[in-house]
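Naming: A, B, ... by sequence-line order, numbering from 1 per chain.
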Protein chains: 2
Amino acid sequence: MAVDTLETRELRYFVAVAEELHFGRAAERLGMAQPPLSRAIQQLERRIGVSLLERNRRGVSLTGAGEVLLHEGRAALDATTAAAHRTRRAGGADSPGGPRNRLVLAVKAAGSHELLQKLLDAYAAAPDAAEIEVLPSGLCEQEGMLRDGRADVALMHAPFNSLAGFDSEELMTEGQIAILPAGHLLAARKTLSLADVSDVPDLPLARWPRHGTYTPGPGPEIHDQTQLAQLIALGRTVAVFPDSARAWLWAEHTAVPLTDAPPVVTHIAWPAHSRSLALAGLIRTAAQL
Amino acid sequence: MAVDTLETRELRYFVAVAEELHFGRAAERLGMAQPPLSRAIQQLERRIGVSLLERNRRGVSLTGAGEVLLHEGRAALDATTAAAHRTRRAGGADSPGGPRNRLVLAVKAAGSHELLQKLLDAYAAAPDAAEIEVLPSGLCEQEGMLRDGRADVALMHAPFNSLAGFDSEELMTEGQIAILPAGHLLAARKTLSLADVSDVPDLPLARWPRHGTYTPGPGPEIHDQTQLAQLIALGRTVAVFPDSARAWLWAEHTAVPLTDAPPVVTHIAWPAHSRSLALAGLIRTAAQL
DNA sequence: GTCCTGTCATACCCGGTAGGTATCACTGAG
DNA sequence: CTCAGTGATACCTACCGGGTATGACAGGAC
């Protein structure tokens with residue numbers, strides 16, 4: 001094989017090891033035994049002629065080149081699975097009616113329903129409107145959905161999602177609020193600052209995954225919005241959300257505006273190289289909202 | 001293998017067939033026999049559950065899904081080889097002194113030397129300047145160099161290069177000129193329009209590859225700038241170039257401004273997901289030019 | 001109609017290699 | 001010193017990627 005050609009399998013293996021920093025766990029995640037994984041990584045290092053991992057006395061760490069390959073390899077794997085996903089959709093293998101003109105729009109499940117509804121209504125009125133499948137995603141997963149081709153287009157929220165590599169159009173800007181248990185001391189305040197809510201001893205800030213991993217901290221790890229709502233209602237945590245989150249607050253919650261939180265900008269984003277006419281129509285509609 | 005995982009090898013094979021639209025030629029290009037290639041494509045179609053090629057009585061054509069996979073597959077292959085290239089450079093495998101802080105800048109060999117010199121001088125004066133390796137490329141190849149990781153950053157020229165998927169910064173705008181044999185009738189004119197030069201019977205417009213393929217037309221196919229210069233000098237062709245091409249004109253050439261040609265915008269462009277500090281410094285320098 | 005040619009598919013075989021199991025070598029903790 | 005935990009090595013097997021030979025089929029020439 002040419003020395004500048006990596007196999008998808010090799011990239012998958014390396015990314016797994018680089019993320020786990022542990023051959024055993026990585027092998028388990030990959031559903032294989034540890035020795036062939038070790039060997040595959042060694043072959044990879046020999047092939048590209050670069051050392052990717054430091055094997056220390058206890059465990060593994062990334063070299064500089066390893067960090068580059070982790071980063072670039074993830075992008076390459078995303079592009080590869082995106083090719084598979086989009087091809088399958090274009091062929092209509094997952095839509096029983098055959099290859100229809102259909103777009104998959106990824107949205108944050110906890111996001112503003114209002115903006116989405118306006119967009120869908122406006123687009124449905126367009127003359128050549130394609131069918132839109134709305135794909136609700138977890139708290140910050142639209143970005144991954146778009147990168148690996150599960151979606152054709154997404155509503156994303158800067159600065160939480162990175163728009164790098166996508167084309168995008170700005171739709172809306174809003175402030176952020178702190179969502180507190182209604183009975184809490186801070187809930188009585190008219191406004192709050194980030195410092196006010198980030199270091200409350202009895203109310204640790206909720207954490208949710210960014211790009212698959214949780215930031216370390218004392219607060220609870222959040223998997224979905226309902227769980228978060230419950231934890232807040234129980235007085236166990238506090239969360240910071242865009243203003244439109246008011247739509248799903250419970251009676252047990254209190255929203256207090258944050259004065260110094262960065263504004264959240266909602267964009268409609270799509271792969272920069274996309275050539276879909278249906279997508280172009282949707283974007284035009286969105287830009288005119 | 002999971003159904004949404006394509007191997008690099010499969011993508012390479014499919015892209016070759018999709019570009020050649022002929023199994024035999026594609027197999028030859030891939031350095032293999034035709035039957036295993038046929039089988040590999042069939043397996044690929046079965047795996048993703050979509051028909052990619054129409055096998056007609058005589059030859060092959062792409063289905064809609066096939067066109068999608070050609071497009072997305074090229075991007076995925078580029079991302080994969082980019083991972084290999086950038087990793088190898090990060091490890092210093094091709095720079096004998098080890099993993100140095102070095103950036104590869106792709107430029108059009110026939111481009112403006114002046115702007116490049118200014119950029120390099122300004123950056124060299126920066127406090128933490130990395131080593132810049134200037135990689136001269138063919139007439140429109142910088143884009144490919146950047147996409148497949150042979151370069152870290154490039155000077156690109158809209159509208160000839162597509163900036164899709166890159167971050168970029170505008171550097172310069174210039175008009176276009178027609179480069180004619182000095183003795184030709186049109187060379188006496190003060191200005192010309194595109195229509196004037198595009199249909200001259202005795203002077204067909206030169207053609208050079210865009211993304212690897214030549215546009216059809218009567219004019220000669222150009223491989224490098226010297227060859228083009230010679231053909232013009234011999235009175236065999238005419239070419240349209242940005243204004244800065246005046247720098248390499250011969251005595252046998254005449255440059256005439258074009259009134260209705262789109263302006264050419266030179267950008268500095270880099271992969272949107274890049275994290276290199278050295279690159280950030282170069283971009284900052286370029287933006288201040 | 002009958003060739004003949006060009007094209008992709010099928011049949012069958014072989015060797016390389018990806019993956020498994022068993023084990024080793026090393027290092028820190030107790 | 002022993003033991004637990006880690007990655008590397010040795011060795012074997014089975015699969016599959018690739019090769020050659022050939023088939024099936026469609027047009028074109030006449």
Handout entry: Carboxylate-amine/guanidinium proximity below 4.0 Å for B/R55 and B/E45
Key = yes

Exercise for the section: Could you check which of C/dA18, D/dT20, D/dG17 has an atom nearest any side-chain atom of B/Q43? Expected result: D/dG17

Exercise for the section: Ignoring the backbone of B/H22, work out which of D/dG7, C/dG19, C/dT7 is nearest its side chain. Expected result: C/dT7

Problem - Closest-nucleotide ordering on DNA chain D, the 5'-leading residue of A/L21 and B/A33 - result: A/L21

Completion exercise
Atom CZ of B/F23 and atom C1' of D/dG19 are separated, to the nearest Å, by 18 Å

Handout entry: Interatomic distance where CD belongs to A/E45 and C1' belongs to D/dA8 [whole Å]
Key = 13 Å

Exercise for the section: Please report, rounded to the nearest Å, how far the C1' atom of C/dA18 is from the CD1 atom of A/I41. Expected result: 14 Å

Practice task
Rounded to the nearest angstrom, tell me the gap between atom CG in A/L37 and atom P in D/dT9.
Solution key: 14 Å

Practice task
Select base, sugar-phosphate, or nothing to describe what A/Q34 touches, counting heavy atoms under 4.0 Å on all strands.
Solution key: base

Exercise for the section: Grab the CD-P distance between B/E54 and C/dT7 for me, whole Å please. Expected result: 18 Å

Exercise for the section: Tell whether B/R39 reaches the base of D/dG18 with its side chain through a donor-acceptor pair below 3.5 angstrom. Expected result: yes

Practice task
Give a yes or no on this: more than 12 heavy atoms of other residues, nucleotides or ligands lie within 6.0 Å of atom CG of B/D224.
Solution key: yes

Practice task
Please report, rounded to the nearest Å, how far the C1' atom of D/dG7 is from the CG atom of A/L52.
Solution key: 16 Å

Handout entry: Electrostatic pair A/R275-B/E67, nearest N-O below 4.0 angstrom
Key = no

Problem - Closest nucleotide among C/dG19, D/dG19, D/dG7 to the A/R55 side chain - result: D/dG7

Problem - Pairwise side-chain contact, A/Q227 with A/Q230, heavy-atom cut-off 4.5 Å (strictly under) - result: no

Practice task
Output yes when at least one side-chain N/O atom of A/S38 is less than 4.0 Å from OP1 or OP2 of D/dG7, else no.
Solution key: no

Practice task
Starting from P on D/dG7, measure out to CD on A/E28 and report it in whole angstrom.
Solution key: 13 Å

Practice task
Could you tell me whether B/D152 and B/R89 have a side-chain N and a carboxylate O separated by less than 4.0 Å?
Solution key: yes

Handout entry: Per B/P35 side chain, nearest of listed nucleotides C/dA22, D/dG18, C/dT10
Key = C/dT10

Exercise for the section: Please tell me which of B/Q42 and B/R25 maps to the more 5' nucleotide of DNA chain C, matching each residue to the nucleotide holding its nearest heavy atom. Expected result: B/R25

Handout entry: Distance, rounded to the nearest Å, where A/E20 contributes CD and D/dG5 contributes P
Key = 17 Å

